There are 2 protein chains.
Amino acid sequence: MTSHRDQESPSPAEIGLADRLHSAAIHLLRRLRVEDSAAGLSAPRLSALSVIVFGGPIAMNELARAEQVSPPTISRLADGLQTDGLIERIADPGDRRVQLLRATRKGRRLLEEGRLRRVRTLARALEPLSAADRRLLERAARVLQRISLPDRHPRQGS
Amino acid sequence: MTSHRDQESPSPAEIGLADRLHSAAIHLLRRLRVEDSAAGLSAPRLSALSVIVFGGPIAMNELARAEQVSPPTISRLADGLQTDGLIERIADPGDRRVQLLRATRKGRRLLEEGRLRRVRTLARALEPLSAADRRLLERAARVLQRISLPDRHPRQGS
DNA sequence: TGCCGATACTTAGCTTAGCTAATAAAAGTA
DNA sequence: TACTTTTATTAGCTAAGCTAAGTATCGGCA
């Protein structure tokens with residue numbers, strides 16, 4: 001307990017916070033999953049597509065790091081997105097090993113539609129909240145976004 | 001755009017909020033997944049186990065609703081938890097169709113350990129935050145928890 | 001130039017978690 | 001008793017995650 005200072009016992013308040021954040025994240029995603037999957041966009045696909053759309057052409061390598069998943073997972077995710085015509089693989093002129101992923105027009109459109117659908121669902125859930133609560137969530141989302149990023153990778157989307 | 005009034009176009013602020021919440025939830029879970037899976041507890045298992053531990057013996061039916069997944073999914077999830085000795089199926093005295101799920105001592109212990117591990121990870125990520133930001137997250141988690149619940153089901157855990 | 005280790009991606013093969021459809025058993029009801 | 005509804009499971013599919021192993025390219029260096 002007193003040996004390594006970076007493994008201190010967390011307080012009950014911290015335990016509660018972690019629990020609630022975890023639980024809230026799970027239930028939020030489950031609720032949104034229903035909407036998204038109806039349009040053929042699962043959460044992982046949506047997240048990856050978002051990075052591709054907003055991050056411009058990006059190497060699978062980088063995408064894997066940004067999404068915190070292994071290269072094979074990204075490879076198959078890209079396969080699926082490409083099969084559906086949402087992205088395309090293009091060659092990197094400087095390095096023939098890398099495959100750059102670029103969103104197609106269709107991909108951009110679908111992302112926009114999915115985001116609208118999602119926000120409508122969330123908006124319905126958020127309706128009973130006060131404006132103050134909404135601002136609270138807004139700020140909390142930014143804080144979470146800041147701490148959850150694995151490294152610096154200047155994206156805005158997902 | 002103007003036809004059905006219950007599908008109003010959301011404001012850019014709402015779109016941004018939905019996007020950030022979605023993204024934050026995904027990345028938060030990805031980060032915690034690494035810790036949890038090391039202990040054999042995936043996010044879905046953890047969430048279900050939490051409901052079972054804190055919600056007392058619960059029918060699969062109810063658990064499926066609480067977790068917002070289909071009955072077969074809960075059935076297999078329960079199989080896995082039971083195989084690992086974390087829960088047990090007991091008969092409902094009043095209705096012989098239902099299988100009540102009850103946590104074992106081992107299940108309670110593992111949940112507690114997982115929650116500690118998780119909170120340590122989160123605590124590390126939360127370290128650079130101010131106390132005000134932490135309180136912000138605490139309140140936001142409660143708000144999210146309130147709106148993400150599918151129905152009334154008086155739990156506290158996940 | 002040619003070799004060799006490192007890097008980028010893919011393939012193979014596995015697990016978990018989600019779904020729908022179909023089945024079995026129990027409960028409720030006409 | 002016979003029909004319907006409810007609860008849970010099984011069967012069979014897909015997506016998404018992983019590790020290990022394979023292929024192609026790059027970069028260095030003798």
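Throughout, a chain's letter reflects where its sequence line sits, starting with A, and its residues are numbered from 1. Here the structure is a predicted model, which is why all the values come from computation and not from measurement.
Rounded to whole angstrom, the span from the CG atom of A:Asp79 across to the P atom of C:dT10 amounts to 7 Å. Rounded to a whole Å, the CG atom of B:Leu81 is 12 Å from the C1' atom of C:dA17. For B:Leu100 and D:dT7, the CG to C1' distance is 12 Å, given to the nearest whole Å. When the P atom of C:dC19 is taken as reference, atom CG of B:Leu77 falls 11 Å away, rounded to whole Å.
Residue B:Arg45 is classed as a sugar-phosphate contact, given heavy-atom separations below 4.0 Å to backbone atoms only.
When every heavy atom of B:Ile52 is checked against every heavy atom of B:Ala103, the shortest pair comes out as CG2-N, 3.5 Å. When all heavy atoms of B:Gln82 and B:Glu88 are compared, the pair lying nearest together is NE2-CA, 4.2 Å. Closest non-hydrogen pair, B:Gly85 versus B:Thr104, comes out as O-OG1, 2.7 Å.
A heavy-atom distance below 4.5 Å is found between the side chains of A:Leu63 and A:Val51.
Checked against C:dT10, D:dA8, D:dC18, the side chain of B:Asn61 finds its nearest nucleotide in D:dA8. For A:Met60, counting side-chain heavy atoms from C-beta on, the closest listed nucleotide (C:dA17, D:dT7, C:dC9) is C:dC9. The side chain of B:Ser75 approaches D:dT10 more closely than any other nucleotide in the set C:dG18, C:dA8, D:dT10.
The residues B:Asp79 and B:Arg89 are annotated as salt-bridged, a charged nitrogen and a carboxylate oxygen being separated by less than 4.0 angstrom. No salt bridge links B:Glu138 with B:Arg134; every basic N to acidic carboxylate O contact stays at or beyond 4.0 Å.
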Open item on the list: Output one letter per nucleotide in nucleotides 20-30 of chain C: B when a protein non-hydrogen atom lies under 4.0 Å from the base, S when only the sugar-phosphate is that close, - when neither is.
Closed with: BB----BS---
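The shortest distance between the side-chain N/O atoms of B:Arg76 and the OP1/OP2 oxygens of D:dG12 is not below 4.0 Å.
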